[in-house]
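Any value given below was found using the heavy atoms of this structure, including those in side chains, with hydrogens, waters and symmetry copies removed. Position 1 is the first residue of the sequence, and the numbers go up from there.
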Amino acid sequence: MYPNLLVPLLTVLGLALAALVLLVVRQPVSRRLAFRQVARRRTEAALVIGGSMLGRPSSSVPWSSATR
C-alpha cells in the first residue's frame, strides 16, 4: 500500500523497542514492581489488555470504511 513508509516505520519501531529494553535494563526496580502488580491483579491486567485489543479495531473501522 505504502512501500516507501516501510523502512521509516520499522526504524521508529526498532528505536522504540530499543528504548524500552534500555529502560528495563537500567531500572530493575521498576520492572519488578510492574511484574508484581500484574501478578497481584491478573484479572485487571487481562481486562486492560483485552479492552485494548478490542478498542483499537473498533476505533479504526470507521476511518477505514469512510475512505472507500
Legend entry - Shared-cluster residues of Val12, by chain and number - hydrophobic side chains joined below 4.5 Å: none

Inset, instruction - Check which hydrophobic residues are tied to Leu54 through side-chain heavy-atom contacts below 4.5 Å, counting indirect links as well, and list them. - result: none

Inset, instruction - Identify, with sequence neighbours excluded, every residue that meets side chain to side chain contact (heavy atoms under 4.5 Å, CB included) alongside Glu44. - result: Arg41

Legend entry - Cluster companions of Phe35 among Ile, Leu, Val, Met, Phe, Trp, Tyr (side-chain spacing under 4.5 Å): none

Name each donor-acceptor pair under 3.5 Å that joins a side chain in residues 15-30 to protein atoms two or more places apart or in another chain, with its distance.
none

Inset, instruction - Kindly write out the residues that satisfy side chain to side chain contact (heavy atoms under 4.5 Å, CB included) with Leu5, not counting sequence neighbours, or none if the list is empty. - result: Tyr2, Leu9

Inset, instruction - Among Ile, Leu, Val, Met, Phe, Trp and Tyr joined by side-chain contacts under 4.5 Å, find the other residues sharing a cluster with Val38 and list them by chain and number. - result: none

Inset, instruction - Go through the structure and list residues passing side chain to side chain contact (heavy atoms under 4.5 Å, CB included) with Thr43, not counting sequence neighbours. - result: Leu47

